[in-house]
Amino acid sequence: EDVLRAMCAFANDVNNWGGGYIVIGIGEKKGVPVFPPNGLSLAGIARIQKELLGLSYKIKPEYFPVVDVTKYDGKDIVIIWVPGGTHRPYKAAVSLSKGAEYAYYIRRNATTKRATVSDERSLMKLANDVPFDDRINHKAALEDLNVRLIEEYLRDVKSALVKEVSKMPLKDLCRRMNIVEGPDEFLRPKNIGLMLFCDEPQKFFPRTTIDVVKYKDEVGDDFDEKIFAGPVHEQVRAALKYIKDLVIVEYVHKVDGRAEADRFFNYPYGAIEEALVNSVYHRSYEEREPVEVRIYPDKIYIISYPGPLPPLGKDNINKPVVTPHRYRNSRLGDSLKELELTEGRCTGFPKIRRALKNNGSPPPVFETDDDREYFMVTLKINRRAQEMAKKIGSGGGDKTRVETRVETRVETRVKTGEKILQIIKENPHATIPELSKATGLTIKGIEWNIKELKKKELLRRIGPTKGGHWLVPRS
């Protein structure tokens, strides 16, 4: 009965957290797992799988979770993944006895509870409010999902499912990952699948790019612009690499009479990373507006549309502790967390503040308007870094008492093709995903460069795609 109620509660997903997991085979004491795990016998696993099928029919409308058997610490356990359902609200039988009444169940913190009248009203409002990233996209087809991107993602998150990619039909793989829905004859991708595993998701979500604009002065007439498109996580990685290489500067200030020098940055990378990922996570993919990163000489603005969901608003957004209760793209957030691009829910603001404080930078400013039409983070330059940059630029400063050194990442002038060749020389068995990660280019960008290198006879492939290797001919 506890499993049935928990399944119903996770399927209702009243807070749009993306559902939840139920683990069978590990003991629990006062809400904390007990290790080592007890594990399950093969006969016990078979019985549980049969009982789970029966429980699925005791939920209205019928709901079938994703069930997986895996090993943990040498013991077999069962993991039940219960994503938020597309036909909520769901009711479950109050007991397993015949003729039992049905009731709604929800999760409150770590507890499953029967819904109150007020909770039921909230559930009814969610009936037609499936989170955008979990909706079916009827304009797309299974062929719009790139199995290579799926494989790269599974490898990055260290999923055991990566071993099945070459053996499993694409539709079955996508069903296991819950990124498609519908009968085989009318199978359609969900938006989350297109966001992460489509070569050109902007065909379905126009202008959902990251636009980085670097202004050379406060007026804004002279600037460099870079637009990052492609799968969402690749956009984030490429934009962060661009900012890290061209914007972030480390300053080293040596002080007389002290062995250790002061080290600080104009902007701490951790704050920029969290602010950008937070904007990508919480933006709307229904609005045709990019995430904007505006870089001025003394500050950075990161802007996304629309603004935050309640309870966050204009009056409380800069308070030290604010805990949001609903999320706009919970499945996308889970994926970014698995890729270690973000730590998890409710950690974004504290992490930004902590990174800035540790660097000696001014605190961030979070901003929205009365109608929550936009969300903007302002990161101000470290004042010491600003002063030192001015001294270095003007040739001033007391050279006899203070030795100042600037270490900065400089964009190399080596062409991308040459960089790919260098990596391949060091590792002839390098895969396309590995090259993508090493260079910061998208999968499509790597494939294009390899094609060009082959045309110029600077690169050859020896053997098949799987099991072969690269050869860089001698010049």
Side-chain angles (χ1 to χ4, degrees), residues 1-29 31-34 37-72 75-116 119-120 122-124 126-127 130-131 134 136 160-161 172 174-184 190 330-331 334:
E1 291 179 0
D2 288 342
V3 172
L4 173 63
R5 293 167 187 165
M7 282 171 52
C8 178
F10 282 131
N12 276 326
D13 193 20
V14 70
N15 292 315
N16 282 342
W17 286 348
Y21 296 87
I22 302 169
V23 181
I24 303 176
I26 297 179
E28 176 222 357
K29 187 175 182 180
V32 178
V34 177
N38 299 323
L40 300 165
S41 65
L42 294 179
I45 291 171
R47 176 181 55 79
I48 288 169
Q49 289 177 319
K50 185 176 180 181
E51 288 178 356
L52 283 173
L53 182 61
L55 291 179
S56 296
Y57 288 109
K58 287 188 175 291
I59 296 176
K60 294 181 180 179
E62 294 170 359
Y63 178 93
F64 298 93
V66 179
V67 182
D68 192 31
V69 179
T70 190
K71 280 192 181 293
Y72 184 84
K75 300 287 186 177
D76 288 317
I77 62 172
V78 171
I79 298 177
I80 309 168
W81 177 26
V82 191
T86 54
H87 302 293
R88 55 184 178 173
Y90 294 89
K91 282 184 173 183
V94 173
S95 70
L96 299 181
S97 58
K98 194 173 181 180
E101 66 170 313
Y102 279 70
Y104 297 107
Y105 290 91
I106 62 170
R107 294 286 290 184
R108 287 295 184 213
N109 298 320
T111 305
T112 297
K113 66 181 284 286
R114 187 166 175 170
T116 63
D119 293 329
E120 288 186 16
S122 297
L123 285 171
M124 294 305 167
L126 292 173
V130 176
D134 205 32
I136 299 171
L161 194 57
D172 294 341
C174 292
R175 284 190 190 279
R176 285 284 298 276
M177 297 176 67
N178 191 27
I179 57 174
V180 296
E181 191 167 313
D184 285 351
K190 290 187 174 184
S330 56
R331 290 200 60 190
D334 288 341

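As a basis for the values below, the full set of heavy atoms in this structure was taken, side chains included, without hydrogen atoms, waters or symmetry mates.
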Could you pull out all residues at least two apart from [X] that satisfy side-chain contact (heavy atoms from CB on, under 4.5 Å)?
X    : answer
E51  : R47
N38  : none
K113 : I106, R108, T116, D119
D184 : K171, R175

Gap separating the [atom1] atom of [X] from the [atom2] atom of [Y], nearest 0.5 angstrom:
X    : Y    : atom1 : atom2 : answer
M177 : W81  : CE    : CH2   : 8.0 Å
D134 : N178 : CG    : CG    : 6.0 Å
C8   : R107 : SG    : CZ    : 11.5 Å
I80  : Q49  : CD1   : CD    : 10.0 Å

Using residues 90-100 as the side-chain source, report each donor-acceptor pair under 3.5 Å to any protein atom, sequence neighbours left out, with the distance given to one decimal.
from	atom 1	to	atom 2	distance (Å)
Y90	OH	H87	N	3.1
S95	OG	S97	N	3.4
S95	OG	S97	OG	2.7

Walk me through whether I26 and K75 qualify under side chain to side chain contact (heavy atoms under 4.5 Å, CB included). CA-CA 9 Å; I26 297 179; K75 300 287 186 177; over 6 Å; no

Can any side-chain N or O of R88 pair as donor or acceptor with the backbone N or O of D13 at less than 3.5 Å? yes

Sidechain-backbone polar pair: N12 side chain, Y105 backbone, donor-acceptor under 3.5 Å: yes

Closest approach of V3 to I22 (non-hydrogen atoms, all atoms of both residues): O-CD1, 4.0 Å

Closest non-hydrogen atoms of A115 and L123, given as atom of the first, atom of the second and distance, are CB-CD1, 4.4 Å

Atom pairs and distances, side-chain donor-acceptor, residues 56-70, under 3.5 Å, sequence neighbours left out:
from	atom 1	to	atom 2	distance (Å)
S56	OG	L52	O	3.0
S56	OG	Y63	O	3.1
Y63	OH	P83	O	2.5

Side-chain contact, heavy-atom cut-off 4.5 Å: I179 with R331? yes

